[in-house]
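Here is the structure we will look at, set down as structure tokens.
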Amino acid sequence: MTVPADGIDGKESHVSVNQRKKVILSGMRPTGKLHLGHLTGALENWVALQGEYQNYHLIADYHALTTNPDTSDILQNSLDMALDWLAAGIDPAQSPVFRQSQVKQHTELHLILSMLITTARLERNPTLKEQVRDLEMENIAYGHLGYPVLQAADILLYKGEVVPVGEDQLPHIEITRELARRFNAQYPAEPLVFPEPEGKITRFARLPGLDGRRMSKSIGNTIFLSDSPEEITKKMRTAVTDPQKVRKGDPGHPDICLVFAYHNKFNPGEVAEIRSGCESGALGCVDCKLRCAKRIADTVAPMRARRSELETHIDRVHEILRDGETRARAVAERTMDDVHRAMKMG
Ligand code: TRP
């Protein structure tokens, strides 16, 4: 029986036996321990999409070099991130978890794709412009300009069809689509080598950091998935609340309070009561924060338990990565055979 090309033309196939799952490529740069923003913005979705799709989970360690060539923390940061992924419920048996640097085809496809896009096109990338502004960079590295080309290689190497991303990444998905089209047009083959992947926005309402700013490890306004209940409570006490609610009894405005945003996410069963308690003044901010901290601690408790179990058997994590890398490499090699054949270089 032939495998139906479902997903490529959007039509459902009626063949269930051999039905091919759509391919999802999800990736993050290894920034170390993950925080609540990663959980609500990405990980929860990755876990939810696990059965329905064929997932690949990429640790984009080469991408980390685009803004900082220092590699002293990269291995530890990659392990920390892998631990949090596994703790959050990524099943490495279903979905390979692997480091970009260990699958050499990423760099090879990156090079080929880099011939199919102009520097002017890359300079127009709004995400790059924002980064340059935020990091106050005077000059950017050649490799940094090519960041989305490497990302396109990450996705296309696995013939990814869906990419779960935040909004800031959509320009990169657009570049990936352009590169897939350019490659297919320049090097036609039957069937065409690359699908055109779609970005799937998974980060809706962004959870703010404890100071109300964007949640970021470097700002230090985050709660880590691996934080203890005591650490969570301590951090939650510092959270900014409605400035007009100075003491218990003052009426508050939950819609502008970030602690309420956290309740919304982590304590949905009690939001109505918390809203009315806050608005009437009956609920003070300290109590409100303690209740919130408790819920967050309950949410992350099973992840912390799995994480510490894995931490004591870190060789298992190394083994998971090695296995993921072997499986990823096998797929990547097949794609590169298709690529070279289409280019008449193979
Ligand atoms: N650019 C992504 C980010 O900063 C990380 C990334 C690298 C990625 N390669 C990818 C995401 C491939 C999705 C698919 O978040």
Side-chain angles (χ1 to χ4, degrees), residues 22-32 34-35 37-46 49 53-68 74 77-78 81-82 84-85 90 95-110 113-114 122 125-132 134-135 140-141 143-180 194-203 206 214-218 222 324-325 328 331-332 335:
K22 274 201 196 185
V23 175
I24 291 198
L25 196 294
S26 45
M28 282 185 202
R29 276 181 294 175
T31 49
L34 301 185
H35 54 62
H38 295 113
L39 179 70
T40 61
L43 271 178
E44 281 181 345
N45 289 291
W46 293 11
L49 296 170
Y53 294 86
Q54 172 59 57
N55 290 264
Y56 293 88
H57 297 298
L58 170 87
I59 299 172
D61 51 358
Y62 277 149
H63 272 113
L65 308 187
T66 57
T67 46
N68 180 6
I74 279 220
N77 285 346
S78 299
M81 191 165 79
D84 281 328
W85 287 0
I90 296 297
S95 316
V97 174
F98 58 101
R99 287 166 297 166
Q100 189 182 37
S101 61
Q102 302 308 303
V103 182
K104 298 198 179 352
Q105 288 80 0
H106 287 258
T107 55
E108 194 181 7
L109 185 56
H110 167 260
L113 297 177
S114 74
L122 292 169
N125 172 11
T127 303
L128 179 80
K129 284 189 189 161
E130 205 175 286
Q131 237 176 20
V132 168
D134 287 357
L135 301 175
I140 68 162
H144 191 185
L145 183 66
Y147 185 114
V149 184
L150 181 57
Q151 186 162 344
D154 298 340
I155 297 166
L156 298 178
L157 204 45
Y158 303 93
K159 305 199 179 187
E161 294 162 284
V162 179
V163 188
V165 285
E167 235 163 56
D168 62 311
Q169 294 293 306
L170 282 180
H172 296 170
I173 305 303
E174 196 44 49
I175 290 174
T176 304
R177 293 168 62 86
E178 286 172 28
L179 283 168
F194 294 124
E196 262 184 62
E198 274 168 45
K200 189 179 173 82
I201 297 276
T202 53
R203 196 193 299 141
R206 235 192 235 196
R214 183 174 64 85
M215 196 185 290
S216 155
K217 185 176 173 177
S218 56
T222 62
E325 284 151 11
V331 178
T335 302

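Read the numbers this way: they start at 1 and go in the same order the structure lists the ligands and their atoms. Computation of the quantities below employed the complete heavy-atom set of this structure, encompassing side-chain atoms and omitting hydrogens, waters and symmetry-equivalent molecules.
- No donor-acceptor distance shorter than 3.5 angstrom exists from the side chain of Glu198 to the backbone of Val162, with no hydrogens or angles considered.
- The aromatic ring centres of His172 and Tyr147 sit less than 6.0 Å apart.
- In this structure, the salt bridge (charged side-chain N to carboxylate O under 4.0 Å, His left out) partners of Glu44, at least two apart in sequence or on a different chain, are Lys265.
- In this structure, Thr335 contributes its side chain and Leu157 its backbone to a donor-acceptor pair below 3.5 Å.
- For residues 54-68, there are no salt bridge (Lys or Arg N to Asp or Glu O under 4.0 Å) pairs, not counting sequence neighbours.
- Residue pairs satisfying the salt bridge (Lys or Arg N to Asp or Glu O under 4.0 Å) criterion with at least one member in residues 143-159, sequence neighbours excluded, are listed as follows: Lys159-Asp338.
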Under 3.5 Å: N or O atoms of ligand 1 paired with protein N or O:
| unit_1 | atom_1 | unit_2 | atom_2 | d |
| --- | --- | --- | --- | --- |
| ligand 1 | 1 (N) | Tyr147 | OH | 2.7 |
| ligand 1 | 1 (N) | Gln151 | OE1 | 2.9 |
| ligand 1 | 1 (N) | Gln169 | OE1 | 2.8 |
| ligand 1 | 4 (O) | Tyr147 | OH | 3.0 |
| ligand 1 | 9 (N) | Asp154 | OD2 | 2.7 |

